[in-house]
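Quick one: this structure, given as structure tokens, is what I'll be asking you about.
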Amino acid sequence: MESQALPPKPTELQIMLASGSPRRRELLAMIAPEFSVVHTRDIEEKHPDDMAADEVPAYLSRLKADAYDDLVKPGEVVITADTVVIHDNKILGKPADEAEARAMLRDLSGCQHHVVTGVTLRTATQTVTFSETTVVHFAELTDTEIAEYIMRFSPLDKAGAYGIQEWIGAIGITSITGDFYNVMGLPLHRLYKALTEL
């Protein structure tokens, strides 16, 4: 059997991903053939009350990166990220229960919303933070479709109560403007470019 060629490395630095998300691990593997996952450190993910919603993910990703100051050594880079769904200038986080998930999906049904991911790259000598925005358009979802999705996929671990790569994305999303992978949790094009420039 022919072995599958690995993608080229985006940087000579040793990459560390500080995330408990299996989706982010899968995404990073698409552009970085070798990386390690570091244990996530508990931080209080709070932002200033007057901060604009689309600025929050970059702020939180930087906050997460600050927790690894003592870990990053020369020749290494740690990646932290935060993704939010924004609808009507309101941040939709991970739903607390099925009732809240149902309410979020009803709000998104037939509307346009934004998904913003903030990313921070921390090396021993520099910190780079950026954010990426993707616009998502949802068709009208029926109550039956929403209930079916929640029952089958239990999206309580997802911002905005949905995963674009799942059934709800296939039947409900009419179009997106921007990076598809950003909606899943990492803006791969922008991240690859940032890694090559370190």
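Numbering of residues begins at 1 and proceeds along the displayed sequence.
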| request: Check whether more than 12 heavy atoms from other residues, nucleotides or ligands sit under 6.0 Å from atom CD of Glu12, and answer yes or no. | output: no
| Gap between atom CZ of Arg62 and atom CG of Leu121 - 0.5 Å precision | 11.0 Å
| Minimum heavy-atom separation for Leu141 to Leu105, with atom names? | CD1-O, 4.2 Å
| field | Heavy-atom check, side chain of Ser61 versus side chain of Phe130, under 4.5 Å | value | no
| Can you tell me if Thr127 and Arg122 form a side-chain donor-acceptor pair at under 3.5 Å? | yes
| message | Using the rule that Ile, Leu, Val, Met, Phe, Trp and Tyr join whenever any side-chain heavy atoms are under 4.5 Å apart, tell me whether Val128 and Leu188 fall into a single cluster. | response | yes
| note | Heavy-atom closest pair (Pro22 atom, Gly20 atom, distance to 0.1 Å) is CD-O, 3.3 Å
| task | Kindly give the heavy-atom pair with the smallest separation between Val78 and Val72, and that separation in Å. | result | CG1-CG2, 3.5 Å
| request: List for me each residue that meets side-chain hydrogen bond (donor to acceptor under 3.5 Å, both in side chains) alongside Asn182, sequence neighbours excluded, and say none if there are none. | output: Thr117, Thr134
| task | Indicate yes or no for a side-chain donor-acceptor contact from His87 to the backbone of Asp107 under 3.5 Å, with no hydrogens or angles considered. | result | yes
| field | Within 6.0 Å of CG in Asn89, more than 12 heavy atoms from elsewhere | value | no
| task | Output, in order, the C-alpha distance, side-chain angles, deciding distance and verdict of ring pair (Phe, Tyr, Trp, His ring centres under 6.0 Å) for Tyr162 and Phe138. | result | CA-CA 11 Å; Tyr162 80 92; Phe138 256 115; 5.1 Å; yes
| Within 6.0 Å of CG in Asp70, more than 12 heavy atoms from elsewhere | yes
| said: Check for me, please, whether Val37 and Leu27 land in the same ILVMFWY cluster - side-chain distances under 4.5 Å, paths through other members count. | reply: yes
| field | Audit row: Gln165, Arg23, side chain to side chain contact (heavy atoms under 4.5 Å, CB included) steps and yes/no | value | CA-CA 10 Å; Gln165 73 279 14; Arg23 285 178 297 281; 3.1 Å; yes
| For the atom pair OG (Ser175) and CD (Gln112), what is the distance rounded to the nearest 0.5 Å? | 8.0 Å
| task | Look up atom CE in Met51 and atom OH in Tyr59, then write down how far apart they are to the nearest 0.5 Å. | result | 5.5 Å
| Are the side chains of Pro33 and Lys9 in touch, meaning some heavy atoms are under 4.5 Å apart? | yes
| said: Applying side chain to side chain donor-acceptor pair (under 3.5 Å) to Thr129 and Thr120, what does each step give before you reach the verdict? | reply: CA-CA 4 Å; Thr129 299; Thr120 296; 2.9 Å; yes
| query | So, does Tyr68 use its side chain to make a donor-acceptor pair with the main chain of Arg41 at under 3.5 Å? | reply | yes
| request: Answer yes or no: are there more than 12 heavy-atom neighbours, outside Lys94 itself, under 6.0 Å from its atom NZ? | output: no
| Nearest non-hydrogen partners of Thr11 and Leu195, listed with the distance | CB-O, 3.5 Å
| Full working for side chain to side chain contact (heavy atoms under 4.5 Å, CB included) between Met16 and Ile79 | CA-CA 6 Å; Met16 299 181 292; Ile79 301 171; over 6 Å; no
| Thinking salt bridges, do Glu166 and Arg152 make one under a 4.0 Å N-O criterion? | no
| message | Can you tell me if Tyr181 has over 12 outside heavy atoms packed within less than 6.0 Å of its OH? | response | no
| message | Looking at Thr142, is its backbone amide N or carbonyl O close enough to the side chain of Glu145 to form a donor-acceptor pair, meaning the two atoms are under 3.5 Å apart? | response | yes
| Passes side chain to side chain contact (heavy atoms under 4.5 Å, CB included), Trp167 versus Glu148? Steps please. | CA-CA 10 Å; Trp167 177 77; Glu148 182 76 12; 4.2 Å; yes
| field | Heavy-atom pair with the smallest gap, counting every atom of Leu186 and Arg24 | value | CD1-O, 3.7 Å
| field | Spacing of OG belonging to Ser36 relative to CD belonging to Glu76, to within rounding of 0.5 Å | value | 7.5 Å
| query | Between Ile91 and Val85, is a side chain to side chain contact (heavy atoms under 4.5 Å, CB included) present by the stated rule, with each step listed? | reply | CA-CA 6 Å; Ile91 292 176; Val85 171; over 6 Å; no
| message | Quick check: is Val119 connected to Ile31 through a chain of hydrophobic side chains (ILVMFWY, heavy atoms under 4.5 Å apart)? | response | yes
| Residue of the set Val115, Leu108, Ile86 for which side chain to side chain contact (heavy atoms under 4.5 Å, CB included) holds with Leu92 | Leu108
| Should Arg102 and Asp143 count as an ion pair when the cut-off is N to O under 4.0 Å? | no
| Atom CD in Glu132, atom CG in Asp54: separation rounded to 0.5 Å? | 12.5 Å
| query | Can Met30 be reached from Val77 by stepping across I, L, V, M, F, W or Y side chains whose heavy atoms are under 4.5 Å apart? | reply | yes
| task | Evaluate the side-chain proximity of Ile173 to His137: yes if any heavy-atom separation is below 4.5 Å, no if none is. | result | no
| field | Ion pair check, Asp82 and Lys64, cut-off under 4.0 Å | value | yes
| field | Co-members of the apolar cluster containing Met151 [side chain, <4.5 Å] | value | none
| Distance from Glu34 atom CD to Leu28 atom CG, nearest 0.5 Å? | 11.5 Å
| Shared hydrophobic cluster for Ile171 and Phe180 (ILVMFWY, side-chain gaps under 4.5 Å) | yes
| field | Minimum heavy-atom distance Gly185-Ala81, with the two atoms named | value | O-CB, 4.4 Å
